[in-house]
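One structure is given below, encoded as structure tokens.
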Amino acid sequence: MENVLKEITPKSVDYSQWYVDVITKADLVDYAPMKGFMVIKPYGYRIWEFIQEAMNREFRATGHENAYFPLLIPEHLLTKEAEHVEGFSPEVAWVTMGGGEPLSERLAVRPTSETIIGAMYAKWIQSYRDLPVLMNQWCNVVRWEKATRPFLRTTEFLWQEGHTVHRTREEAEAETLQQLRIYQRVIEKELAIPVVAGRKSAGERFAGAVETYTLEALMGDGRALQIATSHFLGQNFAQAFDIQFLDEDGVLKYGWTTSWGSSTRMIGGLIMVHGDDKGLRLPPRVAPIQVVIVPIMRGAERETVLAYATRLKDLLEVKFRVRLDARPEFTPGYKYNDWEMRGVPLRIEVGPRDVANGSVVLARRDTGAKATVSWDAVESTVEGWLDEIQRHLFEEARQRLSERTVAVTDYREAARYGYRGFFTGDWCGQEACADQIKAETGMTIRCLPLDAHPMTGRCVVCQEDASERMVFARAY
RNA sequence: CGGGGAGUAGCGCAGUUUGGUAGCGCGCCUGCUUCGGGAGCAGGAGGUCGCAGGUUCAAAUCCUGUCUCUCCGACCA
């Protein structure tokens, strides 16, 4: 235990340092030699692949197809939608040289792809029969951020961005909400992270959007993380890019567009929601290794133990992602700590005792619980325990979310909780009140929850009539 | 962009005050003994001290310039 503390700074000592220790020691990422960039190592990238697989399943089931659009966007396209360019221009990286020559028009490294995709959609769409257009792309984007943290805010990050065009406003609005719920399903089911779904206030909206919907998650330190967003863009981009179609009634009309995105930031959320002082705790559904087998190879029994462990691996890897850790240079104790740091949900210890008894020892990463199980029951027990761990991690996070969500009638009450947690209260809808909260407390309106209604009808800032219920918090 | 801190072996650091030709822990390599919660012993490899100038017989150390990282703040879907 003392040795663990040497490697990972306890959360209670320094949460930021704990986070950095965990992601580097668990072998998820390494810092690149340029500020704000990171390398996602195989173990971390595998988690991303599980997220991709789950999202792709949902996207396909709702009629979306994957495509790929260019990395670079000519300046004249990026600047077509006024609000959009104003929102993004401060953080755009530009390419000004090519082949040793200055370019006649500089090219933006995409910070998001509404503009280039909008330009292409305008070419492709002629008739109402061409609609809806439902595409998604997996790619990298670059935003020149001043303060960066691995996964949570990096200069370059990986994400998916969906872009759709619809014939009617209603259809586009339905799409926006459908995709939000897809995100919610994947994030809650696969990543075991409970979220609050809501609308963004005008001040927090995506640049160029009519309405932005968001999922907000609560991290282990009580700060909020925006974990996915879905935007109803109205006809703003359709008008800027001439996305028009001839409708059934013979009238030329603008399409209604949406865009929605989720990024590697989700992995940051995963770490901060489930991790503990021993390191990562991965939900089984996204764990690159679900079961690690550690053989205890003493003296003369070494061969029989290894054979037993290998048979166990063969048995289990039919249904689960299994690793047999037979490295001779490390002791079992070292391996336990090592795999716990990496968040492997389930460990199986097999030693001479187990070989003799025809049993194995199972140990859970989430609770630390151990049990001795007979060979015949191993497979079913592993399956049951993995399900149970997935459920337990979600339940634990859900409970923390509900415990740390506090209803207030005055925003100053949040001071009692050190501005940690989600605070809900009524809001008059005026930006001045939101600004006051931010200036005084550092908290922002995370969202206007979809199914909540005002409780008192009084704004938590000005005490005037309030028509909205909001969730506010300090955010990453 | 403002303020602080730091660049010496893969990682973490000492050495800089008072110049004298680089060291410790972990890790790594080899061998033997080990293995039910971070093993032990022995031997070994590895560094133009961020970079560029300058002072000096001599620079990790003093001077000048420069680059980078990091924390706090500001900014930021």
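Chain identifiers are assigned alphabetically (A, B, ...) following the order of the sequence lines, protein sequences preceding nucleic acid strands; residue numbering begins at 1 within each chain.
Under the Watson-Crick and G-U wobble criteria, each requiring two contacts below 3.5 Å, nucleotide G10(B) is paired to C26(B). When both distances must be under 3.5 Å, the Watson-Crick or G-U wobble mate of C1(B) is G73(B). U64(B) is paired with A52(B) under the Watson-Crick or G-U wobble criterion, all donor-acceptor distances under 3.5 Å. With a 3.5 Å ceiling on both atom-pair distances, the Watson-Crick or G-U wobble partner of G31(B) is C41(B). Under the Watson-Crick and G-U wobble criteria, each requiring two contacts below 3.5 Å, nucleotide C57(B) is paired to G20(B).
Nucleotides G23(B) and U8(B), compared at atom C1', are 10 Å apart to the nearest Å. Using C1' as the reference atom, U17(B) and A60(B) are 14 Å apart when rounded to the nearest Å. Spacing of P atoms, A22(B) relative to C13(B), comes out at 23 Å, to the nearest Å. For the C1' atom pair drawn from C71(B) and G38(B), the interatomic distance equals 31 Å after rounding to whole Å. Atom P of G15(B) sits at a distance of 31 Å from the matching atom of G2(B), rounded to the whole Å. Look at the C1' atom in both C62(B) and U16(B): the space between them is 10 Å, to the nearest Å. Nucleotides U61(B) and U18(B) are separated by 15 Å at their P atoms, to the nearest Å. Nucleotides U68(B) and C28(B) place their C1' atoms 27 Å apart, quoted to the nearest Å.
Atom NZ in K200(A) sits about 14 Å away from atom P in C76(B), given to the nearest Å. Going from atom CD of Q17(A) over to atom P of C71(B) covers 8 Å, rounded to whole Å. One atom, CD of E145(A), and another, P of C76(B), lie 10 Å apart when rounded to the nearest Å. Computed from coordinates, the L225(A) CG to C76(B) P distance equals 18 Å when rounded to whole Å. For I296(A) and A39(B), the CD1 to C1' distance is 15 Å, given to the nearest whole Å. The OH atom of Y336(A) sits 11 Å away from the P atom of A39(B) (whole-angstrom rounding). Remark: C1' of U34(B) and CD of E301(A) are 14 Å apart, rounded to the nearest angstrom. For the pair M297(A) CE and G36(B) C1', the computed distance is 13 Å after rounding to whole Å.
For E340(A) and G38(B), a side-chain-to-base donor-acceptor distance below 3.5 Å is absent, hydrogens and geometry of angles not being considered. In terms of polar N and O atoms assigned as donor or acceptor, the side chain of R143(A) never comes within less than 3.5 Å of the base of C76(B) in a complementary pairing.
At distances below 3.5 Å, not a single donor-acceptor pair connects side-chain atoms of N337(A) with backbone N or O atoms of E340(A).
Each of I73(A), V85(A), L78(A) was evaluated against V92(A); a single residue qualifies, L78(A), per the side-chain contact (heavy atoms from CB on, under 4.5 Å) test. Screening L270(A), I40(A), T264(A) for a side-chain contact (heavy atoms from CB on, under 4.5 Å) involving I47(A) leaves a single residue, L270(A).
Counting non-hydrogen atoms under 4.0 angstrom, P328(A) reaches a base of the nucleic acid. Heavy atoms of R149(A) sit nowhere under 4.0 angstrom from any nucleic acid atom. When heavy atoms are screened at a 4.0 angstrom cut-off, P352(A) is found touching base atoms of the nucleic acid. Residue-level contact check: R205(A) touches neither bases nor backbone, having no heavy atom under 4.0 Å from any strand. At the heavy-atom level, V361(A) lies under 4.0 Å from base atoms of the strands shown. At the heavy-atom level, F88(A) lies under 4.0 Å from base atoms of the strands shown. At the heavy-atom level, A209(A) lies nowhere under 4.0 Å from the strands shown.
The distance between the ring centers of F157(A) and F37(A) does not fall below 6.0 angstrom. In this structure, the ring of F59(A) has its center less than 6.0 angstrom from the ring center of W260(A). Side-chain rings of W144(A) and W94(A) stay apart, their centers remaining 6.0 Å or farther from each other. In this structure, the ring of Y121(A) has its center no less than 6.0 angstrom from the ring center of H163(A).
Put simply, T331(A) has no side-chain N or O that comes within less than 4.0 Å of OP1 or OP2 on C35(B).
The 5' end of RNA chain B is approached more closely, in terms of each residue's nearest nucleotide, by M341(A) than by the other of M341(A) and E204(A). Position along RNA chain B of the nearest nucleotide to T112(A) versus S16(A) favours S16(A) as the more 5'-ward residue.
Set against C35(B), G36(B), C76(B), the side chain of R302(A) has C35(B) as its closest nucleotide. Nearest nucleotide to the side chain of E91(A), out of G37(B), G38(B), C76(B): C76(B). Of the candidate nucleotides A74(B), G36(B), C28(B), A74(B) has the atom lying nearest to any side-chain atom of K146(A). Closest to the side chain of Y334(A), from the set A77(B), C35(B), G38(B), is G38(B). Each of A74(B), C76(B), G38(B) was ranked by its minimum atom distance to the side chain of R153(A); first place goes to C76(B). Proximity note for Y31(A) (side chain, C-beta onward) versus U70(B), C35(B), G37(B): the nearest is U70(B). Set against A77(B), G38(B), C35(B), the side chain of P332(A) has C35(B) as its closest nucleotide.
For R323(A), the CZ atom counts as loosely surrounded, since its 6.0 Å shell holds 12 or fewer non-hydrogen atoms of other residues, nucleotides or ligands.
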